[in-house]
Novice: 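Here's a structure for you.
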Amino acid sequence: MYDFAYHKPASVADAVKLLADPDAKAVSGGHTLLPALKHRLNKPSALVDLSGIAELKGIRRVGNAIVIGALTRHVEVATSAEVAASIPALAYLAGHIGDVQVRNRGTIGGSVSNNDPAADYPAAVLGLGATVHTSARKIAADDFFLGMFTTALEPNEILTAIEFPIPEKAGYAKMKNPASRYVMAGAFVSKGPMGVRVAINGAAPCVFRQADMEKALSANWSADAVAAVKQAADGLNADIHGSAEYRAHLVTVMAKRAVAAAG
Amino acid sequence: MNVVTPFEGIGASVRRKEDFRFLQGRGAYTDDFNRQGQLHAWILRSPHAHARIKAVDTKAAAAMPGVVAVFTGADMARDNIGGLPCGWQIHNKDGSPMAEPPHPVLAIDKVRHVGDPVAVAIAATREQARDAAEAILVDYDVLPAAATMDAALKPGAAPIHDGVAGNLCYDWHIGDKAVVDAAFASAAKVVSLDLVNNRLIPNAMEPRAALGEFDRTTGDYTLTTTSQNPHVIRLLMGANVLHIPESKLRVVAPDVGGGFGSKIYHYAEEAIVTWSAGKLARPVKWTADRSESFMSDAHGRDHVSHAELALDAEGKILGLRVSTLANMGAYLSTFAPCVPTYLYATLLAGVYTTPVIYCEVKAVFTNTVPVDAYRGAGRPEATFLLERLMDVAAQETGIDRVDLRRRNFIPTDAFPYQTPVALQYDSGNYHATLDEALKTSDWAGFEARRAESAKRGKLRGIGISTYLEACGIAPSAVVGSLGARAGLYEVGTIRVHPTGSVTVLTGAHSHGQGHETTFAQLVADKLGVPTAQVDIVHGDTAKVPFGMGTYGSRSLAVGGSAMMKAMDKIIAKGKRIAAHLMEASVDDIEFDRGTFRVAGTDKTKALVDISVAAYVPHNYPIEELEPGLEETAFYDPKNFTYPGGCHIAEVEIDPETGKVSMVNFTAVDDVGRVINPMIVEGQVQGGIAQGIGQALLETCVYDASGQLLSGSMMDYTMPRADDLAPVSVATHTTLCTHNPLGVKGCGEVGAIGSPPAVINAVVDALRDYGVRTLDMPATPAKIWQIINGGRRMAAE
Ligand SMILES: Cc1cc2nc3c(=O)[nH]c(=O)nc-3n(C[C@H](O)[C@H](O)[C@H](O)COP(=O)(O)OP(=O)(O)OC[C@H]3O[C@@H](n4cnc5c(N)ncnc54)[C@H](O)[C@@H]3O)c2cc1C
C-alpha cells in the first residue's frame, strides 16, 4: 500500500466535498478497493470512508419498491425479511456473493459503483430495472452501467441508494469461476412493472440485457422458451477458465435456470 | 507395571499436542520473530521471462527514505558469493553428466523467468523497502522466451543458459530398450497413451520467509527460515553459497505452515538475508507476499509423456515403454533432477508384475519458475501414467478394469519382489486393499447409482487406482550411487532427564504432520513415559545434532527408526544401571514400558529410578558406565518403504455446465504400522484433497511469452472444502520388514493414489461421449468441450 490521507465524513455533502480531489477515492466495505491498494494497483491521495454516513444505511419499502442504502452490506440484504418477502431472488443473490467474510463487509453501493463484470449485484440492478440514487440525481439502470468497471457516476458523485421495483417474479442463477468464485456467467430474470427483463453478468465485459431472451420470455414465460435462445459468442469474455463459446452456452443455461428458479 | 493410562502408545489416536498452540494462534512462525534493529528486504523480481540485463541503476532507490542498502547480483559476485547448488546429479544415456548451469542468487547479466530475483532493497520498514525496489531502474533487453518444453526444444530456440545445447538438462534412461522392444514385438495387444501431468503451484498456507542475523561479537550467523530441513539448508548455504562454516551458522526452522515439498529447497532469499545481515550487521527479514509465492516457490509435476503397454491375449502385461519430457524450469532447484528419474521411472512397475520396462526422460530448461518435488514427487506422475494406461488397456481389450488389475498384481506371496526398475518391494497385499475398497465404495452397486443420477440428468462415473509408492527415503549408499550429493539417514537423540521426563531431538521437521504427537507416542510406547512428559525438539541446528529433514514420507520410517535405535541404547544402558541397583546380572534384566525387572522376580526399578541414578551417581557402576542418560542414533534405512493401496473415486457431472462434483471417495491404504490412526487419516485426507485438486482444479498456466496467467488465487484454483467429497479412509497393514517400527509412511499416498482414480471416474462418466482420455485438470470448460464436441459428432 502507498501512503494516503484518511477522511471519515459524517454526511454525503461532506463526502462529496472531499471527493472534489480527483485523486481521492471513496471506500465502503473496502473488499474491492483494499486488495487493489495492497497490490499497489491504485495510488489514491486520500480515502474517503463512507461508513460513518448514517443516511446511506438501511433497507426500506417505499411504495412498490425496495430502497436499499448504499452502505448496506451483502449479509443484511441476504437476511432482510423485507427483501425476502418482496424480492427473494435479490436476497438469494446477496447470500451467494463471495464468502461469509466478504458478505459481512462488502456493500451494495461499493459493488454497483465498481461494476466489476464478474460481480453479482449489477445483474439484479439491470435485471429488475432499478433506479440508482446518487448524491446528485437518479439514474435508470439502463443508463448506469457503461462498460467494464465504468458507470455513469461522475468522479465526485456518490451512489446513495438503489431503488428496486418489486417484480411479480424474479430469479437468479450463476456459474462460478472455479478459482475466484466470481461470476463466470449469470442471469437475472424478472417480470413485473418494468416488463420482462433478462440481465446477463460475468459473460461479457459489462452486464447487459439479452433482448432475444426477453422477447422469448415475453411471449412465453418458461424455462423451455429461454433455453431455445442461443447467445452469440461475439464480444464475450475468454480466459484460462473458459472460451467465449463456453460462456455463450452458459448464458442460456443460466437463463433457463433463473427462469426455473423464478417459477 | 508402569502402563500409561489412557493408552498413548502405538495405535492410539492421541490428540495432536501441537494443536493447542496452533488453534490458539500461538504458533511461532518465521515472520513472527522480530529482532532489535531489524531491517526489511524487498526483492525486485524480473517482469520478463527472458531478458538480458543491460544495466541496473540503484542510485535513486538507495537515496529513498529509510533505505539502508540496495544490492544487486554484481555486489554478491564481488563478495564471491556462490550460486544456489543442486543436490542431485543425473547422468545422460551416454554416461556424461547432466547440464548444470549456474544459478546466481541475484541475477547476473540475465533473467530467466518472471519472478527471477534481480536486486534487493533493504530499509527500515517493509513498505519503504518496497518503495525503493520500485525505484530501481533496470534496463532489460527482452529475449524470446520458451514458456513450454516444446518451445524450448524447438530447433533454433533461444538458449536459456550459455553452453546448454538445445535447452536440454539431461537425456536419461533406465531399462534395456532392446529387451523391451522385443516384448512389444511379441505382444497380442499394444495400448498407447499420451499424457500431461499438469504443473502445480504448491501454495502452502504460510508464505516463505527468512530472517538473517549476524552477531558482530562472535561472528555467528543465524538464519530463521521456513524450511523442511534446516540442517540441509545450513549445509548447502554455508558450504556452497556464503562459505560460512557450520560452526558459525545456525539455521532455525520454527513452526512452519505447510511445505508439501516447496520448503525443502535452498532459496535465494535465505542467502540474501543472511549475507546482507552480515554486511549490514543488522537483522534482515524477508517475507513473501502471496503473489511472490506464486512466482518464486518451486512448482511441481509438469511432465509430458508417451506411454505404451504390451499385453498378451489374456491381459498379462508383457512390457512398458515410456518416454517423458520433464520441465525443470529456468534453473535446477535443489532436488529437481531426481524427481523425474529415480522418484518416477523406478516406480513404473507399480503393483504389477510387468517383467520389462524401459523409460527415457528428457529434462528441459524453460523460462518458468524452477520445478521440484511436490507432495508425492515423481510417484504421482508414475501412478497417473500407469493407472490411466490400465484403464485404457481395459477399455481396449474388453477386460474388466478391476479384473485386468488383479491379473497383473504382484502376488501376495511374492515378497520380497524385485522389479525390473531397480526397486525391491518388501511387503504388500494389493488384493486385500482392493477388496476392501471395492466393498467400502459399493463398487458392485454402482450401476444403480449411475441410473439414479441419469434420472436427474447427471452423468455419474466411478474410477479406481491401485497404486504403490516408494518413500521413507532413503538408503544413503543407494541414493549416492544414483547421484545424490547427500546421505539420507536420520538422527534421533533421546534425552532422559533426571526426573524421568524425556526430550527427543530429531532431524525430521514437522510442518503440519503432527510429529510432536506421533514421536511422543513412540516414547510412551517404548519407555512408558506419558506423552505430556515427552517434548519433541526439531528445526534448530543448534539443538539437534544433525538431520536430513522431512519429505518423501520419511519422518517416521527413518526419523522414528533413529529414535527407536536411540531408545534401544537407553534401555541397554538402563539395564546395566538396573542390574547394578538390584544386584542382578544384566542378562537377567527385562524391560517393558518403563519398568526394569529382574526376570522371574518381583524386583523392579522404574525408569525414573534409573535416570535419577544416572544423574546422581552415588550408587552407580561408575567404573564401567558414564553418568547421564542420553543417547543419539543415526539410522540409515536398508531400503525404501512401499506403501500402496486402492483409491476409488465417484463423480457426478452436470452435462449442461461441465462441472464435475466429487460424490464419494474411498481410500484403503497400506501405510505399514499405524502409530496414530487419527493423524494418518488426516494426512491421507490432506493428500487426497491435493490429489483431487490436481485432477479437477489446479493448473499453472503461462502464456507464450512466459507471463504467469495463474498468478493468484483469482486464477489458480485451490481446492476448497466444498470441492471435496466425503472421504472414507481406511488402512490395511502389512508391516515394513526392514525398519524397527514396521512403518511405511502416509504423508503422500493421498496425493499419489487419487488423481488417476478421479480422472478414471470422469472418463467413465463420459463413456457415452467416446472419451478415451482427458488431461488434468478436468475443468468445467474442458468437460463441456468434450460433451459439446460429442453432441456435435452425434448430430453430424
Ligand atoms: C475474496 C472476495 C470474493 C468476492 N467474491 C465476490 C462475488 O462472488 N461476487 C461479487 O459480486 N463480489 C465479490 N467480491 C466483491 C465484494 O462483493 C465487494 O465487497 C464489492 O464488490 C465492493 O463493495 P465494497 O463495499 O467492498 O466496496 P469498496 O472496496 O469499498 O469500493 C469499491 C469501489 O467502489 C467505490 N465506491 C464504494 N462505495 C461507493 C459509493 N457509495 N459511491 C461511489 N463509489 C463508491 C470505491 O471508490 C471503489 O472504487 C468479493 C471480494 C472478495 C475480497
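Letters go in sequence order (proteins before strands), and every chain restarts at 1.
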Novice: Report which part of B:D131 has an atom under 4.5 Å of a heavy atom belonging to chain A: side chain, backbone, both, or neither.
Specialist: both

Novice: Chain B heavy atoms under 4.5 Å from A:M254: which part of the residue, side chain, backbone, both or neither?
Specialist: side chain

Novice: Side chain from CB out, backbone as N, CA, C, O: work out which of these in B:E134 comes under 4.5 Å of a heavy atom of chain A, or both, or neither.
Specialist: side chain

Novice: Please tell me whether A:D120 and A:H96 have a donor and an acceptor in their side chains that are separated by less than 3.5 angstrom.
Specialist: no

Novice: Under 4.5 Å heavy-atom distance to chain A, tell me which part of B:M714 shows up: side chain, backbone, both or neither.
Specialist: both

Novice: For A:D3, is it the side chain, the backbone, both, or neither that has a heavy atom closer than 4.5 Å to a heavy atom of chain B?
Specialist: neither

Novice: Checking heavy atoms, do the side chain of A:K256, its backbone, both or neither come under 4.5 Å from chain B?
Specialist: side chain

Novice: For the interface with chain B, which of A:R40, A:H241, A:H39, A:K38 has the highest count of heavy-atom pairs at distances below 4.5 Å?
Specialist: A:R40

Novice: Looking just at side-chain N and O atoms, do B:E652 and B:S453 make a donor-acceptor pair shorter than 3.5 Å?
Specialist: yes

Novice: If we ignore angles and hydrogens, is there a donor and acceptor under 3.5 Å between the side chains of A:K174 and A:N201?
Specialist: no

Novice: For chain B, which residues of residues 105-117 of chain A have at least one non-hydrogen atom nearer than 4.5 Å to it?
Specialist: none

Novice: Tell me, for A:R247 versus chain B, whether the close heavy atoms (under 4.5 Å) come from the side chain, the backbone, both or neither.
Specialist: neither

Novice: Under a plain distance cut-off of 3.5 Å, with no hydrogens placed, do B:T368 and B:R199 share a side-chain donor-acceptor pair?
Specialist: yes

Novice: Verify whether one side chain among B:H40 and B:W286 offers a donor that lies under 3.5 Å from an acceptor in the other.
Specialist: no

Novice: What closest approach, in Å, do B:H113 and B:M295 show between heavy atoms, and which atom pair accounts for it?
Specialist: CE1-O, 3.7 Å

Novice: Ignoring hydrogens and angles, state whether a donor on the side chain of A:D224 or A:S222 is under 3.5 Å from an acceptor on the partner side chain.
Specialist: no

Novice: At a 4.5 Å cut-off on heavy atoms, which part of B:S291 comes close to chain A: side chain, backbone, both, or neither?
Specialist: side chain

Novice: Please determine, by modelled atom types, if B:S712 and B:D715 share a side-chain donor-acceptor pair under 3.5 angstrom.
Specialist: no

Novice: Any side-chain heavy-atom pair from A:F188 and A:P122 closer than 4.5 angstrom?
Specialist: no

Novice: Quick one: do the B:Q694 and B:N198 side chains pair a donor with an acceptor below 3.5 Å?
Specialist: yes

Novice: Measuring heavy-atom distances to chain A, does B:T779 have an atom under 4.5 Å in its side chain, in its backbone, in both, or in neither?
Specialist: neither

Novice: For B:R208 and B:S296, test the side chains for any donor-to-acceptor distance below 3.5 angstrom and give the result as yes or no.
Specialist: yes

Novice: Mind ranking A:M184, A:E245, A:R181 by heavy-atom pairs under 4.5 Å with chain B and telling me who comes out on top?
Specialist: A:R181

